[in-house]
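Notes for the one structure printed next.
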Amino acid sequence: MTSLRIALRYLFARKSHQAVNIISRVAVIGVAVATLAIVCVLSVFNGFSHLAEARLSMLDPELKLVPATGSTFSHGEELATTLETLPEIGHALPTLEQHALATYGEYQMPVEIKGVPEGYERVTSIADILIDGSYLQAEGDYPCATLSVGVAIRLGARPGYVKPLGLYAPRRQGRINPAALMSAFVTDSLLVGGVYETDQAEYDADRIIIPLSTARHLLGYTNSEASSIDIALAPGVDLSQARKAILALPEAAKWQLLDRWQQQEASFKMISIEKWITFVMLAFILVIAAFNVVSTMSMLIIEKADDISTLRALGATPAMIGSIFTWEGWLITVTGGVAGLLLGVILCLAQQWGGFIRLNGDPSQLSISVYPVQVHLLDLALILALVIVVGYITGWIASRLASHH
């Protein structure tokens, strides 16, 4: 195309006025810096999202079965046994979750307890996130609790035999004596076996893991009831295979089967929302940077006034002259955008592989020491599409200026 060839000549040719050269470079650099910022920020969000997923997966089972209606399975033990007969399933354990009040010495706080049976470490990686003590179901005749780091700090609790951990839950059945308010609660005492930390507020703030039998006693459930079934896949089994096998069971319509993302959908949705709100804000910065290109085109049109007159004398139509500067504005914007995109990818990959930007603080107290970064091709494609659209709009505005010159 003649218009594109002329635009390419204008792009690479040295301008007669030094001011136009300087403004052109500033325009390209402005677009490049804005594009680089978008690449880096989105990649950092990807890194933190991946980190959160990896940390959460250590306490979440690979699959979790919950009732479609109601809060518990009336036959949780039988259902877990049925699931374990499937060749795709390695382990299936009934669990029970509910709210309670925890006390330790003179301190108390509301907590969320999770009752788990023997073998819970086979469906999660809880042993890998312990920061104090050990994961124990019982110590002799005494049941043991594993506390989140938030509970341990607020209650001042540590593993050992110093003080018992008290748990109080509202009585679900039977009459309550108004004259004896404590009769409205079921209580139990446990030893503190260990403390875990996931670096996720949802897990670290107020959770306590206790034996399933203790949870059923506190909450007034039978020895068969469960609020969920935590599932670990058999070695070498794909998640989709296991899901298909479970949902093929006769009562599957009464269940909801959640993978790790779905178990923490709200948390990951929040990260995603923050990421794309930030993208929109940075996109506005890119648009503002593109106004420098419009300024450059205004100066270029003034400088090329004689060329425009010559082209008109040779028979060029206003549409053709406008298309020259449409291409020119688009080329300047895309050149800056592609340069920023490449530089951003290089910087992010260097951080991803080399970790040259480190987090401040005591390394012994941090779960990671460098900013987590991950480059996603879909993000790069979206950024490139944004640059192309902004470049087209910039070129279109430039063509309007040329047509009125």
Side-chain angles (χ1 to χ4, degrees), residues 59 71-73 76-77 80 93-124 126-127 129-198 201-228 230:
L59 200 57
S71 58
T72 60
F73 295 107
E77 296 285 350
L93 301 178
T95 66
L96 191 59
E97 297 182 60
Q98 193 54 268
H99 297 285
L101 178 71
T103 63
Y104 191 82
E106 66 273 24
Y107 299 104
Q108 62 183 30
M109 66 174 290
V111 295
E112 183 175 339
I113 59 173
K114 179 166 184 173
V116 300
E118 293 281 353
Y120 181 61
E121 64 275 11
R122 297 199 296 264
V123 297
T124 65
I126 187 169
I129 55 175
L130 289 174
I131 59 173
D132 197 5
S134 305
Y135 172 69
L136 300 171
Q137 280 273 311
E139 184 70 31
D141 295 332
Y142 296 95
C144 291
T146 303
L147 312 183
S148 67
V149 65
V151 174
I153 291 173
R154 288 187 60 182
L155 295 180
R158 293 198 62 183
Y161 300 90
V162 181
K163 298 175 186 176
L165 175 75
L167 290 177
Y168 296 78
R171 192 179 297 276
R172 294 179 61 246
Q173 299 173 344
R175 295 183 178 181
I176 298 173
N177 183 0
L181 294 180
M182 288 306 297
S183 65
F185 296 89
V186 179
T187 67
D188 211 333
S189 297
L190 304 91
L191 297 176
V192 177
V195 178
Y196 73 82
E197 183 177 17
T198 66
E202 296 84 355
Y203 281 84
D204 291 344
D206 61 355
R207 298 206 177 192
I208 298 179
I209 298 172
I210 64 175
L212 181 58
S213 58
T214 304
R216 284 172 171 161
H217 167 255
L218 274 171
L219 303 173
Y221 287 104
T222 68
N223 289 335
S224 183
E225 290 178 284
S227 58
S228 66
D230 289 3

Arg158 atom CZ, neighbour heavy-atom count above 12 within 6.0 Å: no
side-chain hydrogen bond (donor to acceptor under 3.5 Å, both in side chains) pairs, two or more places apart, involving residues 110-121: Lys114-Asp230
The single option from Ile208, Val151, Leu191 passing side chain to side chain contact (heavy atoms under 4.5 Å, CB included) against Leu165: Ile208
Residue from Thr198, Val195, Val149 passing side chain to side chain contact (heavy atoms under 4.5 Å, CB included) with Ile129: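 Answer after filtering Thr198, Val195, Val149: Thr198.
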Whether the side chain of [X] engages the backbone of [Y] through a donor-acceptor N/O pair (distance < 3.5 Å, no angle test) should be reported.
X: Ser148; Y: Asp204; result: yes
X: Ser134; Y: Gly193; result: no
X: Tyr107; Y: Ala157; result: no

Tell me the closest heavy-atom pair linking [X] and [Y], and the distance in Å.
X: Ala152; Y: Leu147; value: CA-CD1, 4.2 Å
X: Pro117; Y: Leu212; value: N-CB, 3.8 Å
X: Ser227; Y: Glu97; value: OG-N, 2.9 Å
X: Leu190; Y: Leu167; value: CD1-CD1, 3.5 Å

Side chain to side chain contact (heavy atoms under 4.5 Å, CB included) between Val192 and Tyr104, intermediate numbers included: CA-CA 10 Å; Val192 177; Tyr104 191 82; 4.1 Å; yes
Side-chain contact, heavy-atom cut-off 4.5 Å: [X] with [Y]?
X: Gln108; Y: Tyr168; value: no
X: Asp188; Y: Ile210; value: no
X: Met109; Y: Leu155; value: yes

Supply the atom-to-atom distance [X] [atom1] to [Y] [atom2], rounded to the nearest 0.5 angstrom.
X: Thr103; Y: Lys163; atom1: OG1; atom2: NZ; value: 10.5 Å
X: Thr214; Y: Leu219; atom1: OG1; atom2: CG; value: 10.5 Å
X: His99; Y: Asp206; atom1: NE2; atom2: CG; value: 8.0 Å
X: Phe73; Y: Thr95; atom1: CZ; atom2: OG1; value: 9.0 Å
X: Glu77; Y: Leu93; atom1: CD; atom2: CG; value: 9.0 Å

Could you tabulate the donor-acceptor pairs under 3.5 Å formed by side-chain atoms of residues 137-146, not counting sequence neighbours?
from   : atom 1 : to     : atom 2 : distance (Å)
Gln137 : NE2    : Val116 : O      : 3.2
Gln137 : NE2    : Tyr135 : OH     : 3.1
Glu139 : OE2    : Tyr161 : OH     : 3.2

Trace of the side chain to side chain contact (heavy atoms under 4.5 Å, CB included) decision for Ile126 with Leu59: CA-CA 6 Å; Ile126 187 169; Leu59 200 57; 4.2 Å; yes
